[in-house]
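Throughout, residue positions are numbered sequentially from 1 according to the sequence presented. Because the structure is predicted, anything quoted here is derived from the model rather than measured. FYI, side chains are in, hydrogens and waters are out, and symmetry mates aren't considered; it's all heavy atoms of this structure.
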Amino acid sequence: MSMKAKAGPAKTPSLRAGMGDVDAPSVEVWTDEDYRRATGLAAILSPEGRADPAAVPSAAPDLWRDAYHAMLRLRAVDQVARDQVGKGRIGSYSETRGYEAAIVGAVAALRPEDVVVPGRREAGVALYRGLPLRAWIAQLFGNANDLSRGRQLPGSPAVPRALNVVPGSPHSATQLPHATGMAWAAKIQRKPTVVLATLDAAATSAEDFHAGLNFAGVFRVPAIFVCLGDMNREAPVTRSETLAVKALAYGFPGVRVDGRDLLAVYWAVRAAADRARRGDGATLVEAVLGEGEPFERLRSWLLAEKILDATRESALRAEVEAEVRAAVAAEESVGLPPARAIIENVLARPSRALEEQLDDLERVRDKTVRP
């Protein structure tokens with residue numbers, strides 16, 4: 001797309017680019033193809049689950065089966081969490097219902113050594129990467145088995161470092177400069193690592209969104225920013241035509257895809273990862289969560305392609321439901337973390353005042369928890 005200078009007095013340009021020839025009749029900002037990708041809506045699977053075989057990303061059938069399994073688990077743990085909020089067992093939870101295809105499609109397109117930096121509702125990528133389901137349920141309850149010792153909000157678990165998933169950030173956009181910094185470090189160390197950060201539409205209004213993406217553009221770091229949401233269904237957050245088009249101002253591509261279409265999200269993120277590994281810098285992927293159910297779309301395609309059959313698909317659902325019920329039954333009766341956990345790993349040597357406060361807390365807790 002070109003921005004044309006308006007007619008004016010001779011040799012007095014109305015548009016000053018800040019670089020190059022200020023008397024030029026036009027300034028190239030981005031190409032028509034760049035603009036089309038950032039304002040269109042790419043999809044591979046139709047709502048009925050049909051796809052052009054030539055458009056389907058190449059991948060082993062096992063990957064698609066694993067992705068469907070991970071989506072089922074995300075839906076199941078989301079239901080558990082919302083039930084627990086309703087019962088007053090946990091205080092809050094950022095639900096993931098309807099986000100499953102975008103969350104799983106994004107992480108499935110990465111390599112195991114790539115790092116994922118989730119926002120407030122995408123930490124379920126850790127389940128795809130291998131976090132045990134019981135560890136996730138323990139974190140929801142904040143019990144003694146919780147790796148974060150009850151310190152994180154429900155749905156933002158601490159994750160073993162080997163899985164390369166950072167704990168989810170409950171604060172809007174604060175994870176984005178962190179992700180950019182990690183990607184910059186990988187670039188400096190000449191590692192083939194790509195860093196993927198997720199965010200929601202509201203995060204694009206935060207100052208950390210600008211800080212993270214501007215730095216990523218200036219230093220051409222190997223980062224991918226995946227925005228999950230539909231700005232047309234939420235409170236107004238921008239005057240831009242789309243969220244993806246914002247990337248063009250930072251000097252890297254923006255791509256807009258159907259967030260209910262796992263294959264489309266996978267395709268966009270894999271292309272962005274390939275681009276990053278070539279040294280071409282960052283990409284912003286806007287995964288639009290419009291109408292429709294992501295499960296039926298993928299399920300229909302899997303059955304049509306004989307990647308799954310109806311019997312195996314039903315058995316898979318039953319397995320997930322049984323696994324989640326067993327994890328909840330095992331973790332809901334586990335007690336709280338020890339009171340000392342509140343000051344562990346905070347100071348190398350807790351002060352005397354902290355120790356005295358801890359003693360008071362333990363006495364009060366003993367009377368409250370143990371009748």
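- Between D114 and N164, the shortest heavy-atom distance links the atoms O-CB, 3.4 Å.
- Minimum interatomic distance between E323 and R73 (heavy atoms only, all atoms of both residues): OE2-NH2, 3.0 Å.
- The local environment of CZ in R278 is crowded, with over 12 non-hydrogen atoms from other residues, nucleotides or ligands closer than 6.0 Å.
- The pair E321-R75 does not count as a salt bridge, with every side-chain nitrogen at least 4.0 angstrom from each carboxylate oxygen.
- Taking a cutoff of 4.0 Å between a charged side-chain nitrogen and a carboxylate oxygen, D62 and R65 qualify as a salt bridge.
- Both V159 and Y93 are part of a single hydrophobic cluster, where members link through side-chain heavy atoms under 4.5 Å apart.
- Formation of a donor-acceptor pair under 3.5 Å by the D78 side chain with backbone atoms of T96 is found in this model.
- Looking only at side-chain heavy atoms (C-beta outward), W64 and L298 stay at 4.5 Å or farther from each other.
- Between P337 and N143, the closest heavy-atom pair is CG-O, 3.5 Å.
- E100 places no side-chain N or O within donor-acceptor distance of the main-chain N or O of M71, the cut-off being under 3.5 Å.
- Looking at V166 and Q175, their side chains never come closer than 4.5 Å, going by heavy atoms from C-beta outward.
- Judged purely by distance below 3.5 Å, without hydrogens or angles, the side chains of E48 and S46 pair a donor atom with an acceptor atom.
- Taking 4.0 Å as the cut-off between side-chain N and carboxylate O, E296 and R299 count as a salt-bridged pair.
- Residues R256 and T242 bring no donor and acceptor atom of their side chains to less than 3.5 Å of each other.
- W184 forms part of a hydrophobic cluster together with I188, F215, V218, F219, V221, judged by ILVMFWY side-chain heavy-atom separations under 4.5 Å.
- Taking every heavy atom of both residues into account, A108 and Y128 meet most closely at CB-OH, 3.5 Å.
- At a threshold of 4.5 Å between non-hydrogen side-chain atoms, the residues L196 and V226 count as touching.
- V334 belongs to no multi-residue hydrophobic cluster, having no ILVMFWY side-chain contact under 4.5 Å with any other such residue.
- Taking the ring centre of Y99 as origin, the terminal cationic atom of R121 falls inside the region bounded by 6.0 Å and 45° from the ring axis.
- A salt bridge links R37 to E33: at least one charged side-chain nitrogen sits closer than 4.0 Å to a carboxylate oxygen.
- Proximity of R260 to E293: side-chain heavy atoms (C-beta onward) are nowhere separated by under 4.5 Å.
- In this structure, F252 CZ and D34 CG are separated by 12.0 Å, a value rounded to the nearest 0.5 Å.
- At a threshold of 4.0 Å, the pair R363-D359 does not count as salt-bridged, since none of the basic side-chain nitrogens sits closer than that to a carboxylate oxygen.
- Shown here for G259 and V265, the closest heavy-atom pair between the two residues is CA-CG2, 4.1 Å.
- Looking at L45 and S300, their side chains never come closer than 4.5 Å, going by heavy atoms from C-beta outward.
- In terms of heavy-atom proximity, A144 sits nearest to L336 at CB-O, 3.6 Å.
- Aromatic pair W301/Y68: centroids not less than 6.0 angstrom apart.
- Side-chain contact check for I103 versus T198: every heavy-atom pair is 4.5 Å or farther apart.
- Side-chain N or O atoms of Q139 include one that pairs as donor or acceptor with a backbone N or O of Q152 at under 3.5 Å.
- Between Q84 and L140 the shortest side-chain heavy-atom distance does not fall below 4.5 Å.
- In this structure a side-chain-to-backbone donor-acceptor pair under 3.5 Å is present from E286 to L243.
- Counting heavy atoms from C-beta on, the side chains of H210 and Y250 come closer than 4.5 Å.
- In this structure, L74 is a member of the same hydrophobic cluster as L263, with clusters built from ILVMFWY side-chain heavy atoms closer than 4.5 Å.
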